[in-house]
Amino acid sequence: MGLEVKARANIRRLPEGTINRIAAGEVVERPASAVKELVENALDAGARRVAVTIAAGGAGLILVEDDGEGMDADGLALAIERHATSKLPLGVDGTDDLTNIATLGFRGEALPSIGAVARVDISSRSKISDGHAIRVEGGAISGPEPAGFLSAGESGTRVEVRDLFFATPARLKFLKSARAESLAVIDIMKRLAMARPDVGFTLTDEGRVVLSLHAEETLFDGALGRLAKLMGRDFADNAAKVAAEREAVRLWGFAGLPTYNRANAQMQFLFVNGRPVRDRLLLGAVKGAYADYLARDRHPAVALFIECDPAFVDVNVHPAKAEVRFRDSGLVRGLIVGALKAALHEASHRASTTIADAAFDAFRAPELKPQTYTYPMQQRFSGLAESARVYQAPLASQPRVHTPAAEAHAHAHDHDHAPQSPLGVARAQLHDTYIVAQTQDGIVIVDQHAAHERLVYERMKHALENGGVKRQPLLIPEIVEMDESETSRVLARSDELSALGLVVESFGPGALLVREVPALLGQLDVKALIRDLSDDLAESESLSSLKERLDHVSATLACHMSVRSGRRLNAEEMNALLREMESTPHSGQCNHGRPTYVELKLADIERLFGRR
């Protein structure tokens, strides 16, 4: 039974209203999209204060008020026309310069698109003109007309959007709950506020003030102050400063410690020339930089700002301007990965403060509060003495169990001076797994297996970086057939692959010959590895899959080669482990992203016993 073929309709021009509603579908996906466009307009107008009010998740009301340059009557009339903008500079030849975009929006579609699907009232005044207002309702325009807006010499704009998508009822069906839409608006406002700490922002939702941020004085230091308010004080306390520059591309910001991680990527904020973006290249670079320190299902918290010549980045590749394209994406990816790794290296063995807070909260559980103790104090001390063993045997000898009295005598001289090292001096080993050390102002509890695992892994990585990756020749070279473009991508990086232990060469059109593989990988599916590499290069121009496999093998070997839980250590062995942790980068977390130690300050311990 054949298919019925309908005659093709004649080509016709679409009505202006239909064109605007189609454009609105691309630019205004949901209320948060409209908020983003309107606030960006305010920022491009030089606003120092932006106030946003929403109702019903923004579907009922969006009100944006700013103190920017404002507009006169002619400017208002042009602002609601499609493809009318003040943000696109003219080149030296008098034509529009699309390679030098220094504003957040330049397409000239936001206001007419919103006006095509909602009821919009705009009031504005410049410093040298009177106030005027204009209305757009489902694409129908009335005005501009004089309006008593602001006082003489003041400037600003007020945009009120009501009944979003009333002109396109089908779109309303795809909106989420008012709560979900409100959260999307809050997320957009947070990102814009992070990008511009020099601007004050307020957000009111159903009469409740959700955000209230004053303008910060300086950008870099002010950014951390603003970030602390938006990402939480814990982020500010557990973030390492990032600063790097390469070929006129500047990167700065803050990177959370690996042990301060999340179950999703919602705490990753990226900005390019002040523009919030959710770019796959940048997110992939962040993931690659933390690959050594986090499990695959955990995500770091970062706020990174990239500044570069506008001609170096194309911001016109996405209707909502959420993605960008760099002229040299490899340079940017390398800059991010290198800068983040350097920042984490500087953090050394430091672990996040939230770990200690969690431990403190656990100690404060009701059954452990001092007032609930019912056993005699001597019985409590006896139990502690049984579970703690401290060893003073020489490093080469086998650990010996001492009685509590002998242990106390052996360590009496250690209490005569305060430990000076960051991780202190070992005092006990609990359950043959946890080392307890005394610091100048508290105690440290170390998971000996997790700590030694990280130390072994870092030694193996150092050896790989300095001696190269040992290669294993294949008895029979493997031929891998792929698309010609895929083989070209892999062959173009053959030198780098060779340094990683993988030797490939051309074997005619659409085929590769693999002669040697990294010895660390042992038995592997060579064809799958090559295809993964090709996919990596197509996606991000990196060799992450091979590096990840090598890192995974190194991490696995480190896990098996490290000191196991349940092994008794003598005092010298415990202190040697502490000293090596202090001198080894990233020793605050194991290869799976878990903390290797918890530190409790003396003040915390005193609070546990009601001394503070």
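Computed from a predicted model, the values in this text were never measured in an experiment.
- V517 places none of its side-chain heavy atoms less than 4.5 Å from the side chain of R471.
- Side-chain contact check for I435 versus Y597: every heavy-atom pair is 4.5 Å or farther apart.
- Residues E247 and R327 are not paired through a salt bridge, judged by the lack of any N-O separation under 4.0 Å between the basic side chain and the carboxylate.
- The shortest non-hydrogen separation linking G424 to R579 is O-NH2, 2.6 Å.
- Looking only at side-chain heavy atoms (C-beta outward), K341 and V337 come within less than 4.5 Å of each other.
- Minimum heavy-atom separation, L335 to R246: N-NH1, 3.6 Å.
- Taken to the nearest 0.5 Å, the OG atom of S488 stands 9.0 Å off from the CE atom of M482.
- Within the 4.5 Å cutoff, no side-chain heavy atoms of P276 are placed close to those of M194.
- Separating the CZ atom in R262 from the CZ atom in R298 is a distance of 8.0 Å, to the nearest 0.5 Å.
- The only member of V490, V526, I479 that meets side chain to side chain contact (heavy atoms under 4.5 Å, CB included) when paired with V514 is V526.
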L282 vs L304, side-chain contact (heavy atoms from CB on, under 4.5 Å): CA-CA, chis, key distance, verdict:
CA-CA 10 Å; L282 304 183; L304 300 177; over 6 Å; no
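- Of the inter-residue distances, the one linking L512 atom CG with E478 atom CD reads 11.5 Å to the nearest 0.5 angstrom.
- In terms of heavy atoms, A339 sits closest to A244 at CB-CB, 3.7 Å.
- In terms of heavy-atom proximity, A255 sits nearest to V302 at CA-CG1, 4.0 Å.
- Side-chain atoms of T439 and P422, non-hydrogen and from C-beta on, never get closer than 4.5 Å to each other.
- The number of heavy-atom neighbours closer than 6.0 Å to CD of E481, taken from other residues, nucleotides and ligands shown, is 12 or below.
- Note that the CE atom of M574 and the CG atom of L577 stand 10.0 Å from one another [nearest 0.5 Å].
- Under the 3.5 Å distance criterion, the side-chain polar atoms of S485 are left unmatched by any main-chain donor or acceptor of D483.
- When all heavy atoms of F269 and R191 are compared, the pair lying nearest together is CD2-NH1, 3.3 Å.
- Taking CD1 of I306 as the reference point, atom CZ of R250 lies at 12.0 Å (rounded to 0.5 Å).
- Smallest separation of non-hydrogen atoms from G256 and L344: O-CD2, 4.0 Å.
- A 4.5 Å side-chain heavy-atom check between V272 and F326 finds at least one atom pair inside the cut-off.
- The CZ atom of R454 sits 8.5 Å away from atom OG of S587, with the distance rounded to the nearest 0.5 Å.
- The shortest side-chain heavy-atom distance between E516 and S498 does not fall under the 4.5 Å cut-off.
- Side-chain atoms of Q429 and E573, non-hydrogen and from C-beta on, never get closer than 4.5 Å to each other.
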